[in-house]
Amino acid sequence: MATVILVRHGRTTANATGLLAGRAAGVSLDQLGRDQAALTGNRLAAVHLAGVVSSPLERCQQTAQLILDRQAGTPYAPVEPDLTECDYGQWQGRTLSDLATEELWSAVQSQPSAVTFPGGESMAAMQARAVAAIRRHDAAFEAEYGPGAVWVAVSHGDVIKSIIADALGMHLDMFQRINVGPASVSIVHYGAVRPSVYATNTDAGDLSWLSNGINSGDAPVGGGAGQAAQ
């Protein structure tokens, strides 16, 4: 299969003030967030991307554009509603410090598979629709460009954490063990036998080795020789 680079949007004004933005309109990258996304775009400039698929929310589309601006060609750049932020319902727009006093907060931390946000979405439903969207686009990019295709999905912290947890074969209740920082890069290859996670939460480092794609096959005993930089 193809290889997906999962990119979280850069920092926003809401992130900087500890606000749970959720799906609220008009939440933009702040200057640091734009700088973070531009750096990610620079890291990805050496990789020929088959596509850059984005959540419909403004902060993700801004991040996607900063990646596209640094590509030599013009990758396919659709918006994917199923990569949007979790619907936090009545939690949306409240501060994290306030939400931490809610009884539901402890379940979000320790048993997210059982959590449905009041007036919103369950975390299990969020994971199911996001993973399905990633696999659907991954199969489409492979069909169009071959198994060496590399593409980007720009989404949100909890969404990306849930996708990585699925790729690692982790129960959703363990997904809070994964960190995904603003504008970070995580890499998943959906092979013929199983997904392989090549990176999580990186904000620096050479990515030119992705230009040759990733070969599917059995996992090398002992770890193998790794990827050679270009």
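Just so you know, these numbers use all the heavy atoms, side chains as well, and skip hydrogens, waters and symmetry mates.
A pairwise comparison of heavy atoms in Arg70 and Gly41 identifies CD-C, 3.4 Å as the closest pair. The two atoms that bring Ser55 and His156 nearest to each other are OG-NE2, 2.8 Å, heavy atoms only. Closest approach of Pro195 and Arg135 over heavy atoms only: CG-NH2, 3.6 Å. Contact record, Ser186 with Thr200: OG-CA, 3.3 Å, taken as the closest heavy-atom pair. Taking every heavy atom of both residues into account, Cys86 and Glu121 meet most closely at CA-OE1, 3.5 Å. For the pair Ala50 and Ala149, the tightest heavy-atom approach, listed with the atom from each and the gap, is CB-CB, 4.4 Å.
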Do any side-chain atoms of residues 165-174 form donor-acceptor pairs under 3.5 angstrom with protein atoms, and if so which ones, sequence neighbours left out?
| residue | atom | partner | partner atom | Å |
| --- | --- | --- | --- | --- |
| His171 | ND1 | Asp173 | N | 3.0 |
| Asp173 | OD1 | Ser113 | N | 2.9 |
| Asp173 | OD1 | Ser113 | OG | 2.7 |
| Asp173 | OD2 | Ser113 | OG | 3.3 |

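Using bins of under 30°, 30° to 60° and over 60° for the plane-to-plane angle, the ring pair His137/Trp151 lands in the tilted bin. Ring pair Trp105/Trp91 is parallel by interplanar angle, where below 30° counts as parallel and above 60° as perpendicular.
With hydrogens and angles disregarded, no donor-acceptor distance shorter than 3.5 Å links the side chain of Arg11 to the backbone of Asp30. Distance alone, capped at 3.5 Å, places no donor-acceptor pair between the His189 side chain and the Val197 backbone. Between the side chain of Ser184 and the backbone N or O of Val180, no donor-acceptor pair lies under 3.5 Å. Counting only distance, with no hydrogens or angles, the side chain of Ser208 and the backbone of Ala46 share no donor-acceptor pair below 3.5 Å.
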Exercise for the section: Might you work through the side-chain contact (heavy atoms from CB on, under 4.5 Å) test for Gln90 and Glu102, ending with a clear yes or no? Expected result: CA-CA 12 Å; Gln90 295 169 20; Glu102 293 281 354; over 6 Å; no
Problem - Candidate pair Arg129 and Thr84, rule side-chain contact (heavy atoms from CB on, under 4.5 Å), full reasoning - result: CA-CA 10 Å; Arg129 49 101 168 155; Thr84 197; 4.1 Å; yes
Exercise for the section: Give the intermediate values and the outcome of side-chain contact (heavy atoms from CB on, under 4.5 Å) for residues Ile5 and Leu49. Expected result: CA-CA 10 Å; Ile5 300 172; Leu49 299 176; 4.2 Å; yes
Problem - Candidate pair Asp158 and Phe175, rule side-chain contact (heavy atoms from CB on, under 4.5 Å), full reasoning - result: CA-CA 9 Å; Asp158 281 349; Phe175 99 134; 4.1 Å; yes
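Atom-to-atom distance recorded for Asn179:CG and Ile160:CD1 is 12.5 Å, nearest 0.5 angstrom. Within the model, atoms CG of Leu19 and CZ of Arg94 stand 11.0 Å from one another, a figure rounded to the nearest 0.5 Å. The distance from atom CZ of Arg23 to atom OH of Tyr88, rounded to the nearest 0.5 Å, is 9.5 Å. Between the CG atom of Leu44 and the CG atom of Leu66 there is a distance of 11.5 Å, given to the nearest 0.5 Å. Annotation: the span from Gln36 atom CD to His9 atom NE2 amounts to 10.0 Å, rounded to 0.5 Å. For the atom pair Met123 CE and Lys161 NZ, the distance stands at 7.5 Å (nearest 0.5 Å).
Counting heavy atoms from C-beta outward, Pro75 and Leu68 have side chains that approach closer than 4.5 Å. Put simply, the side chain of Cys60 does not reach to within 4.5 Å of the side chain of Glu80, judged on heavy atoms. Side-chain atoms of Thr63 and Leu29, non-hydrogen and from C-beta on, do get closer than 4.5 Å to each other. At a threshold of 4.5 Å between non-hydrogen side-chain atoms, the residues Phe117 and Val108 count as touching. The shortest distance between side-chain heavy atoms of Leu207 and Ile187 falls below 4.5 Å.
Between the side chains of Ser28 and Glu58, at least one donor-acceptor pair of N or O atoms lies under 3.5 Å. Under the 3.5 Å distance criterion, with hydrogens and angles disregarded, no donor-acceptor pair is assigned to the side chains of Gln62 and Arg59.
The same ILVMFWY cluster, assembled from side-chain heavy atoms under 4.5 Å apart, contains both Val7 and Trp209. Linking ILVMFWY side-chain heavy atoms closer than 4.5 Å, directly or via other members, places Val52 and Val79 in two distinct hydrophobic clusters. Residues Val150 and Val154 share a hydrophobic cluster, clusters being chains of Ile/Leu/Val/Met/Phe/Trp/Tyr side chains in contact below 4.5 Å. Taken together through direct or relayed side-chain contacts under 4.5 Å among Ile, Leu, Val, Met, Phe, Trp and Tyr, Val159 and Leu57 form parts of separate hydrophobic clusters. Under a hydrophobic-cluster definition in which Ile, Leu, Val, Met, Phe, Trp and Tyr are linked whenever side-chain heavy atoms come within less than 4.5 Å, directly or via other members, Leu6 and Leu39 are assigned to different clusters.
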